[in-house]
2 protein chains.
Amino acid sequence: MTTIREVSKIAGVSVATVSRTLSMPDKVSLKTQKKVQSAIAQTNYKPNILARNFRTRKASTIVVLVPDIANPFFSRVIRGIEQTAQKLGYAILLGDTQGLREREYTYANMVKTSQADGIIQLDCHMPFADEQDAKKFPIINVCDCMKNSDIPTIQLDNVAAAKEITEHLIQLGHQKIGLIHGPKDSVITKDRIKGYSQAIKKANLSFDQSIIVEGDYSVNSGAQAAYNLLKASALPTAIFCFNDEMAIGAIHQIKEMGFKIPEDISVAGFDDNSFAEYSDPPLTTVSQPAEDFGSRAMSMIYDVINDNEIGTTNIFLPYKLINRKSTAAIKKD
Amino acid sequence: MTTIREVSKIAGVSVATVSRTLSMPDKVSLKTQKKVQSAIAQTNYKPNILARNFRTRKASTIVVLVPDIANPFFSRVIRGIEQTAQKLGYAILLGDTQGLREREYTYANMVKTSQADGIIQLDCHMPFADEQDAKKFPIINVCDCMKNSDIPTIQLDNVAAAKEITEHLIQLGHQKIGLIHGPKDSVITKDRIKGYSQAIKKANLSFDQSIIVEGDYSVNSGAQAAYNLLKASALPTAIFCFNDEMAIGAIHQIKEMGFKIPEDISVAGFDDNSFAEYSDPPLTTVSQPAEDFGSRAMSMIYDVINDNEIGTTNIFLPYKLINRKSTAAIKKD
DNA sequence: TTGAAAGCGCTAACAG
DNA sequence: CTGTTAGCGCTTTCAA
């Protein structure tokens, strides 16, 4: 492997000049630059970035902690992160944690060992065993965000969004609105349930725990949850699912059990994934700017890293209710 | 930041001993180990991995080149890569290339600059401008693989799989089988078209270019392609789509235009994604072991890196035809 | 089993 | 504008 030293010898300059030609060419005379460039071309020299990173104490790398890379919503967020990272000269270390704390710690450790400059956490956990570490290392929280932490945050107003979609259902005349929610310990889940409750309460409807079931965001779990919901005694006339995957699973199961959508049961989702529009019937849902989440998160961690200002910033990104055919006014009996 | 030097002073040993305690404890007496461990705990020392990697000339990092991270099939492959990487002590640098050569080169450059030890390429391009580089740097090709290259490969027998699904359609009595294929320059596309042709030819059916259209693997493009197919004069009685996303888009569009599936038109997909089973009707498709692809690819690149044996190995993973309700025997008129 | 010392390839004062 | 030089924090001979 060619090193900077060999290039310097061939070019007849010092290593410092080669280094400068590479990172601050404006401080090197054009004539010298040419000599260096020629030596570089001649030797096919590639700077050892590992050495550079070590020397400059910057890994130029960000760890992204994602609960499940196979979830299309998260993939889109990551795509946004990656695009902005590339523009800013950062690389992305992917940490698929599967929601396991242990793996979060392992990956978060990379920032302690200088392998990464910062962390973007897509889940609502503190990825450090020691909470104090969150103040020492650049970290930002996006999508499913912790409450009451000082970590900068980019998120949706999930309470408001869930409230709005529930109200949409209530306006259509639904009084028994079932819920297929996500994992109970997620802040997103809690917030959306809160928004749902607020709408229910505001409309003087009763909050019925028996038509609220849990899923895991998979299509599969949506179908299973719908089955449980429809087997029970108190049949809902509408079901709000916390993502489109579960909604599509639910729709399948509901039709399977002989109900019509939206005539018998309305179904709403969340995310507006690429299938929502093509589901049968097309899915009423809430769209979120997934790529923007990622892009903003990356910009923010960049600022945190480079200004060392680990402040508390909370950004809310807009959502939009997408009204399609899977929800309709309740049937008059 | 604490360094190895400070730890060594506190423990009253040399830096070499601290280093050994960390990476080859069996070469250090238990008594000394205890002293060192205590000093480490006391100072909250974290070794600078950047320095270690630099010194040992190993980044312990693999670049993964993926055309589109938001494609669930690729996400699954990446999940497989990541899981095995973690077991082997490697981290994953994510390179979402969007199919752009330029971005492939940028990321592939990381292996030239010692930032990564190897490359896993999910697309059928050589990510180096200079073909010779493929012999110099560890690289393996998975999923959509180049032909006639010496790069080790893990793939599906796409010719056979496409042939099998086409024959399934032919056995059901279909004689005019449309195709919604992927991007033309992809080897996967070429192979599947080849398998399709083989089946067509074998059954003495005519190969009709007018019922073969291109999509880009998105749900959207599937719907658009189906529209074009059904607007044309020669209506196919079956359509084979090169992934499930396009199949689901096509199904939507076909129903929209008043045809029944599978009564009027049969539709088959590829991948067996998580929606296939819940589509209406449930999708006949080909399942592939996505996570296995990733896992095997990671194991293979590990071997290549550590043995320096950059040989030509080609592995084929099994597929399986999943027969659901979107395909059926052709209607007798 | 341990320590001393060299040095990985690069950047960044500092001096000229 | 350019060169000299001193390390960054770690691993790894080599010798004890």
Does the side chain to side chain contact (heavy atoms under 4.5 Å, CB included) test come out yes or no for B:Ile151 and B:Met126, once each step is laid out?
CA-CA 9 Å; B:Ile151 297 174; B:Met126 178 71 73; 3.7 Å; yes

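Here the C1' atom of nucleotide D:dG9 and the CG atom of A:Asn53 are 14 Å apart, to the nearest Å. A straight line from CG of B:Leu50 to C1' of D:dT11 spans 15 Å, rounded to a whole angstrom. Counting to the nearest Å, the C1' atom of D:dC1 and the NZ atom of A:Lys35 are 11 Å from each other. Residue B:Lys27 contributes atom NZ, which lies 16 Å from atom P of C:dG3 at whole-angstrom precision. The CG atom of A:Leu30 sits 10 Å away from the P atom of D:dC1 (whole-angstrom rounding).
The heavy-atom pair separating A:Gly89 from A:Ser60 by the smallest distance is O-CB, 3.8 Å. Minimum interatomic distance between B:Tyr107 and B:Leu65 (heavy atoms only, all atoms of both residues): CB-CD1, 3.5 Å.
Atom CD1 of B:Ile139 and atom CZ of B:Phe128 lie 5.0 Å apart (nearest 0.5 Å). Distance check, rounded to the nearest 0.5 Å: CG of A:Asp144 to NE2 of A:His125 gives 8.0 Å.
Between A:Thr32 and D:dC1, a side-chain N or O to OP1/OP2 separation shorter than 4.0 Å is absent. For A:Thr17, a side-chain nitrogen or oxygen approaches OP1 or OP2 of D:dG3 to under 4.0 Å.
The residues A:Arg79 and B:Asp68 are annotated as salt-bridged, a charged nitrogen and a carboxylate oxygen being separated by less than 4.0 angstrom.
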Do nucleotides 6-16 of chain C as a string where each nucleotide becomes B, S or -: B if the base has a protein heavy atom under 4.0 Å, S if just the sugar-phosphate does, - if no protein is that close.
BBBBBBBB---

